[in-house]
Amino acid sequence: MKIASWNVNSLNVRMPHLVQWLRDAQPDIVALQETKLDDERFPDSQLAELGYRSVFCGQKTYNGVAVLSRLPFTGECVTAIPGFEDPQKRVLAATVGDVRIVDLYVVNGEAVGSAKFEYKLRWFEAVREWLRAELAAHPNLVVLGDFNIAPDDRDVHDPKRWREKILCSTPERDALRSLQALGLHDSFRLFNEDGGHYSWWDYRLAAFQRGWGLRIDLVLVSDALKARTTAAGIDLVPRGWERPSDHTPVWVQID
DNA sequence: ATGGTGGCAGAGCCA
């Protein structure tokens with residue numbers, strides 16, 4: 001089973017890219033972030049024609065998440081962090097077969113020390129406590145999405161320039177480590193220990209062409225799924241297409 | 001030190 005994550009930065013704009021990529025990459029499950037669409041406008045019938053069922057939790061202009069699957073969804077769908085008041089649509093949990101999928105669009109945080117940064121850390125802590133319960137109920141857990149955190153300096157094109165900046169700061173990395181301590185493994189690092197592999201490049205300054213990226217899109221797998229994970233990677237091709245998202249898809253193969 | 005690009009919406013916010 002191939003499971004992928006992609007921040008599309010507006011599904012309205014990126015629907016042709018998504019359709020092309022579904023054909024090319026043949027994922028079984030895809031988690032999307034930044035759909036920026038009200039639920040009434042989600043293109044579920046068009047995706048159904050391509051063989052994908054969808055669940056979604058959106059809002060216009062900002063945020064919005066969705067999960068697409070070739071196999072039927074089963075069990076409960078969750079569209080908010082339990083007990084955490086938040087008007088922003090950033091989380092979606094769904095079950096496919098024996099695998100629980102949690103799609104996250106983590107708060108960006110703007111700048112270290114800002115009000116949005118504090119919100120990011122509070123939000124992330126609430127997610128961790130939610131996932132503690134999800135993991136207890138669903139040992140086969142995949143937590144994937146736009147984490148807006150580069151796990152360590154190997155995931156940053158220029159660590160000096162990004163030192164203690166947003167997406168790379170110690171409090172953010174500590175929060176991610178605390179989440180992973182529940183028993184969630186960065187699937188990419190099961191197969192590749194090198195630096196220089198990125199999933200996001202700023203639109204400004206031709207960052208993609210210059211290789212100025214960060215690896216902030218992650219697929220975390222639980223202990224039980226780690227044993228079944230056979231490959232993981234980053235698909236750079238869609239980032240090179242005309243009018244791309246600033247993120248490119250990341251994926252994992254689970255047997 | 002700042003700005004640069006893109007999406008949404010129709011000016012500024014968010015990333």
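Computed from a predicted structure; not experimentally measured. Reminder, nothing fancy here: chain letters follow the sequence lines and each chain counts from 1.
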request  = Encode nucleotides 1-9 of chain B as B, S and - characters from 5' to 3', where the letter depends on protein heavy atoms closer than 4.0 Å: B to the base, S only to sugar-phosphate, - to neither.
outcome  = ---BBSSSS
request  = List the steps and the verdict of ring pair (Phe, Tyr, Trp, His ring centres under 6.0 Å) for A/W21 and A/W241.
outcome  = CA-CA 11 Å; A/W21 188 73; A/W241 288 342; 8.6 Å; no
ask   = Looking for any heavy atom pair under 4.0 Å, which part of the strands does A/F208 touch: base, sugar-phosphate only, or nothing?
value = nothing
query = Of the options A/R215, A/R173, A/R161, A/K165, which is the one that meets A/D153 in a salt bridge (Lys or Arg N to Asp or Glu O under 4.0 Å)?
reply = A/R173
request  = Could you measure between the two C1' atoms, the one in B/dA9 and the one in B/dC14, and give it in whole Å?
outcome  = 13 Å
ask   = Hey, is A/R132 close enough to A/E129 for a salt bridge, meaning N to O under 4.0 Å?
value = yes
ask   = In whole Å, what is the span from the CH2 atom of A/W123 to the P atom of B/dA15?
value = 12 Å
task = Could you work out the separation of B/dC13 and B/dG3 based on their P atoms and round it to a whole Å?
result = 15 Å
task = May I have the distance from A/D217 (atom CG) to B/dA15 (atom C1'), rounded to whole angstrom?
result = 13 Å
query = Can a donor-acceptor pair be found between the side chains of A/T95 and A/E76 at a distance below 3.5 Å?
reply = no
task = Please collect all salt bridge (charged side-chain N to carboxylate O under 4.0 Å, His left out) contacts where either partner lies in residues 46-75 of chain A, sequence neighbours excluded, each pair once.
result = A/D28-A/R70
query = Taking atom C1' in both B/dG12 and B/dA1, what distance in whole Å separates the two?
reply = 23 Å
key: Distance, rounded to the nearest Å, where A/Y105 contributes OH and B/dC14 contributes P   = 11 Å
task = Grab the CH2-C1' distance between A/W201 and B/dA15 for me, whole Å please.
result = 16 Å
ask   = Whole Å only: how far is the CD atom of A/Q33 from the C1' atom of B/dC14?
value = 16 Å
query = Of all residues at least two apart in sequence or in a different chain, which pass the side-chain hydrogen bond (donor to acceptor under 3.5 Å, both in side chains) check with A/S187?
reply = none
key: Nearest-Å distance once atom P is located in both B/dT2 and B/dG6   = 23 Å
